[in-house]
Every structure is written in structure tokens, then in C-alpha cells.
Number of protein chains: 2
Amino acid sequence: MTETRARRPGRSVTTLADVAAAAGVSTATVSRVMNRVPTVNPDLAFRVEAIARQMGYQFNAAARTLATGRTGAVALIISEADLSQPYSFTSAPLHGVLSAVARHDLQIVILLSGSPQQESHLLEYLGRTGVDGAMVILEDEISHLPELLRDAGVPVVYLGRPLGNAEAQSYVDVDNVGGARLATEALIEAGRSRIAILAGNDRLTAARDRLDGWRSSLAEHGLDAHRIARGAFSPAGGSDTMTRLLAAYPDIDGVFVSSDYMGSGALQVLAAAGRRVPHDVSVVSYDDSVLAEVANPPLSSVHQPLELMGEQMVDALASLMATSGTAVVQRVLPSTLTRRDSL
Amino acid sequence: MTETRARRPGRSVTTLADVAAAAGVSTATVSRVMNRVPTVNPDLAFRVEAIARQMGYQFNAAARTLATGRTGAVALIISEADLSQPYSFTSAPLHGVLSAVARHDLQIVILLSGSPQQESHLLEYLGRTGVDGAMVILEDEISHLPELLRDAGVPVVYLGRPLGNAEAQSYVDVDNVGGARLATEALIEAGRSRIAILAGNDRLTAARDRLDGWRSSLAEHGLDAHRIARGAFSPAGGSDTMTRLLAAYPDIDGVFVSSDYMGSGALQVLAAAGRRVPHDVSVVSYDDSVLAEVANPPLSSVHQPLELMGEQMVDALASLMATSGTAVVQRVLPSTLTRRDSL
DNA sequence: CTGTTAGCGCCTTCAT
DNA sequence: ATGAAGGCGCTAACAG
């Protein structure tokens, strides 16, 4: 019995050399064929390809990476905390990313950000021959991350305009100002004039932009823009903030709520206070999530193309990796309003 | 000027050889030090380690993989479709997986399942020296996947007991029967006796187990178990099914709903029919998601330790990879009941 | 258009 | 306990 020493490394039995031997050519030729180098004789290429397929040849990713320095993988940097939120918006762009990745023949590696430990791991991984590029999907802005990533030597695309140095970064964002204006205009068109806002945490650019949009719409129509209350993007935050708002400005007849999560809390407070929606008070919310759908009454809400954003991140990253220069891609997508009973 | 040809491959400038040269030892020794081989002289090890750290040495993953056949990465197989559901339960175990992965010093690669194309990609990737193991988180059972994966040559752990061949697979599951019993007992304790169920799609083992649990509890208490209606795990499914249920069995005073998603739909139908919850009808739901929290009234719901399950999947996989044998790990976690106003 | 030949960076027997 | 050297599988000059 031939003593074939068990090949520990790799599970892929067939190598380039095997195919080359079977086809009676050199490994270089097989390599060219597999990589579709155009200069090979078509007939030969066809023959080699057939043999390779028949032998079940699959290239060894590690070997290829070692030889080329490219990995065919991109990192997706997300936060554990974001995912753990019961209703987190991270999964929608994540979905977009995943569906787009297939088109570009890339592999996704998940890297966690959040704790210092995770970040050091992240940088370490990026520093090795880990990935060819990275995408960042973080709900809470982490202002120091961009500068850390800048040194990693790979192109990076952010979801949402990063807080810090701004203009030098590539990102895909939605028009939060425009979305807020959409919501506010709808309230005005519904005949409301004492329009308040439940604003989110000021540290988030999205929250600030929505406040700005609300303000500018009201200003354009000569309406007061002082009915403001701030709170967390959560049901509890929504009810607390709505309670304070109602106490401070009992005359409100319209509310723009900066997130559905807050919206569901706000609705409960409104109901408890005997304000009928939309009879006494019109409400427009933000995110157009399932929470808006199941709310009572169902909430009109500004829809964000989250999945599309994920897809575009991949497209942007792919183009950055192709040019490998210092190019910057910045894309801002429009929002739309989904109308439901609360208006 | 010395003509240092630009090193295309890899970004990690410092190699084992560099460290070896700086320390005046062989690359073999440095390799041993970095891999904590116990036979090296402690003093030497310390010295080498210091030098390596100071030079910012990081091992090249591709080179190591090429040499050892191990990758230090595990695949996470999920479905694009699951993620795209507005309220999907995939992200909770995902979160658990991610948080556990750090502890084991593993890297996560996302692989998509769903379309035939994605599956062939998946198998191809697994077939290469892609990963050392795999975890499967699929909300819809895909019965042919286990047998495909069986040939991939790496250990696999499932979330939820797989439908098919069952006993040969490793999995982490929750006790759906027990959870349903918990819910049903609570309904009985609340003084209800005409207890119906909104059951889910029969193709899901979870849905079937919940039905079984409901049945067995009722049987033990000598109560009728014929008030059954089936529907999709969605708000629309919930309202449709609840409507049918009410028409068929107008006398119900308790309902066990197999998912919060259905629950929110069911609640609306109940309200529209003039049935007060919990005064006329008690409702207990399943999943303990944010939907239960924001429902009106807030729903009592069976809580599943989804994140914990994700963590345990990683633990299980790690132990499988360590033994590298044909061992099987099967773990079933208990559910608990979160009480809210609907009871 | 195809073959030859060096590595890519690391691990690992085999000697010493 | 340490060093020398071959090889993991593939790619990319460079010849021919």
C-alpha cells in the first residue's frame, strides 16, 4: 500500500500542479487560464478549463493571497451594541451590503468596533494582510475611528457622513435634512401651525440634520420653531420627551418625531393625555420601520433607503479599490414619506 | 539611493525574518516564540518577544494558513432574506455569536444561503481552505443544507434543531415545547379555559413544537385543544388568523399566539371585535421582542435566550474544532415568560 | 503564446 | 534548546 502521508494543510486535494500535469502544460499556463489571462490560446484554455473542472480544482485562497497581496475580502465594521438593540437599523444596510457583495465577488469579514479591545483587534487585523477594503456601519458616531482607519492603508467607506474631518472621507448618506423637511411640509399641508419636534441626541449628525430640516421648513412658512424637546431614540425616550413637550407647549397641533422608536412612546403619551391622533394632533415619524406600521394609529413616517445605501457602499468601495488612488466617493440619497393614518 | 523595489504583496512590512535578523536568531526560533512553543529558552523568548513587539511585527495570515492549513476563521451562514425581514430574529443570535467570537480569537466570515447561486458559492468557499468551521442561522429550515455541509469537511453547528437527519448534527436550540407550556399554563392560571392558539407555519420545527406544548398543557388540565388557526409569522398573518379564529370559535377567553409579530395583528382584530384584553380575552405571545413591549396593551410573551444561543454556538463549534473528531454537541436552552398587561 | 524560475511568509521535520 | 532547509500553492517577471 502506498504510504501517502496525510496532507495536513488544506482540504483542497487538487492543485494547480495536478491540473498542469494532467493537461501536460506548465502551472503558469494553468494559472493564466484560471485567471482568464487573454493571451492564452483559446483551444488550450478550453481544454485546460475542462480538465480543471473535471478534477474539481479550486484555487487555494491563502496561496493566492500570499503571492499577490490581495485577499478578495472586505471588512464590515459594525458595533456589537448596535446589533443588540431590539430594533436596530444596522441590519437593513447590512442586508444591502450582503446582497451587493455577491455581485462583486467579494468576501465579507465582520470586524467589531466599540470596546478599546475590539478596536485594537480591528486595527491589528486590518494591519495584517486581512482585507482589501473596509465599510463602517455605526449608529453612534465614533469620531476617532476615521483617523485610526486612515492609517490602515485600505480604502474605507462610511455609512453616514462621519462627524470629524468630513470632506476627506468616502461615505454614503441619506438626506436627513430633506427627509425632515418632507415630514414638516406634510404637517403644514395638513393645516397644522403649532408644530413641535421630538429631537434626538445631538451627538448624531442624523438627529441634528433632522432638527435643521424641521427648522428651515417652519421658517420658510413663517411658523414658530421653538417647540423643541430632546430625548433618546427609544420608546421610553419618546414618552418622556413627549410628556415634557406637552407640559411646556400644551397648544401643539402637530409633532415631528425623529424616530419611530420615539414615536411609539409618544403616541402612548398622547393617547393618555386625551389627544386624538390625527384629529387633535398630527404626527409624522422617521424611519418607516415596522414600528410605524404596527403603531396605533399607524404612523406616517419618513422612509430611508437603507438597503440601497448598503449596496451603494459596496459599489463605492469596489470603485475605490479599483482606482487604488486617493479618490473620494460621497453619495447622498433622497428620502421619501410613507403616509399612514397619523397625518 | 538604494533601489528598494516596492513590495507589492502585503502591507505588513516586518516579517519573521526581519525579527530573526534583529534578534540574531533563526526564523524558526522566532516562529516558536510567537507561537508560544514551550521548549524555547524563557530569556530568549522574552527578548525576541520584545523585539518583535517593538518592530511592530504581525504575522501574515495567508502565509500561516498556507503553511498550516488552518485559517482561524469560521463561517457564519445566514440568509439574506432573513435579514431583510423588518423584524427578524436573526440579529440577536448574530450578536451573541459576535461577542463570543472574540473570546475564542476567531474571525467571522459571512456566507449567504438562500439562492442556488449563493449555495454553490458557499460550498465552493467551504471547499477551499476557507474556514475551520461553520455556524448556520436560518429562520426557514433548509433541509438539504445539512447534507451538503456534511461533505464540506468542517464541523458545523446549527441554530435550532435541523429538520432532517437530526441526531447526527450539532445544534443549539431553545425549548419551544417548554416555552409554549409556560404560556399556556399562565393562561390557565389566569382562569382561562377556552384557550385557542394562533399557530405558525407547520414547516418550522419551532412552530410545531409550540403547538405541541400548547396541546400537552391543555391535555394535562383536561381542557379542549381544538381551537386552532394557522397563519404566517407576520402582523397580517396575525390579523387574518385571528379573524378566522374568532369566527370559528367565538367563545374563546384566552389565546396563545406563536409570535409577537402575529400578536400585534391579533390585538388589532380583538380590539376591533370589541374584545377587551385582558378583561375578556387573555393573550400570551412568543419572542418577547420590542413588538410585545410597544403593543397595546403590552403583551406577555415567552422570552428566548437568543443571544446566549449565539454564544453557545461558538463555544460548541470551538470544542468541535478542538476535538476534530466526529463528536456531536446538542444543547437545548430553557425559555422564560415575561409578564405584561395582556394576561 | 508558453515554460522556467523565483519568491510570497511561515511552519516543521530533521539534525545538531 | 536551536538552526537549516524544504515546502505549502500560486503568481509574476523573464526568457524563449
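Chain identifiers are assigned alphabetically (A, B, ...) following the order of the sequence lines, protein sequences preceding nucleic acid strands; residue numbering begins at 1 within each chain.
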Restricting both atoms to N or O, compile the protein contacts to nucleotides 1-5 of chain C shorter than 3.5 Å, with distance only.
unit_1 : atom_1 : unit_2  : atom_2 : d
C:dC1  : O5'    : A:Thr39 : O      : 2.9
C:dT2  : OP2    : A:Asn41 : N      : 2.7
C:dG3  : OP2    : A:Ser26 : N      : 3.1
C:dG3  : OP2    : A:Ser26 : OG     : 3.3
C:dG3  : OP2    : A:Thr29 : OG1    : 2.5
C:dG3  : N7     : A:Arg32 : NH1    : 3.4
C:dG3  : O6     : A:Arg32 : NH2    : 2.5

Candidate pair A:Met321 and A:Leu106, rule side chain to side chain contact (heavy atoms under 4.5 Å, CB included), full reasoning: CA-CA 12 Å; A:Met321 294 188 330; A:Leu106 292 170; 4.0 Å; yes
Whole angstrom value for the distance that separates C1' of C:dC10 from CG of B:Asp18: 13 Å
Spacing of A:Arg70 atom CZ relative to D:dC10 atom P, expressed in whole Å: 15 Å
Separation of D:dC8 P from A:Leu16 CG (nearest whole Å): 13 Å
Donor-acceptor pair, side chain of B:Thr65 and main chain of B:Arg70, under 3.5 angstrom: yes
Whole-Å distance separating the CG atom of B:Leu66 from the P atom of D:dG6: 17 Å
Atom-to-atom span, CZ of A:Arg64 to C1' of C:dG9 - whole angstrom: 18 Å
Of all pairs that satisfy salt bridge (Lys or Arg N to Asp or Glu O under 4.0 Å), the ones with a partner from residues 35-63 of chain B, not counting sequence neighbours: B:Arg36-B:Glu49
Name of the residue among B:Leu76, B:Leu308, B:Ile137 meeting side chain to side chain contact (heavy atoms under 4.5 Å, CB included) with B:Pro93: B:Ile137
Nearest-Å distance for atom pair CG/P, residues B:Asn35 and D:dT2: 15 Å
Distance test, side-chain N/O of B:Thr68 to OP1/OP2 of C:dC11, below 4.0 Å: no
Lys/Arg N to Asp/Glu carboxylate O, A:Arg103 vs A:Asp315, below 4.0 Å: yes
Pairs meeting criterion salt bridge (Lys or Arg N to Asp or Glu O under 4.0 Å) with involvement of residues 26-35 of chain B, two or more places apart: none
Atom-pair distance (CZ on A:Phe59; P on D:dC10), nearest Å: 9 Å
For atom CE of B:Met34 and atom P of C:dC10, their distance in whole Å: 9 Å
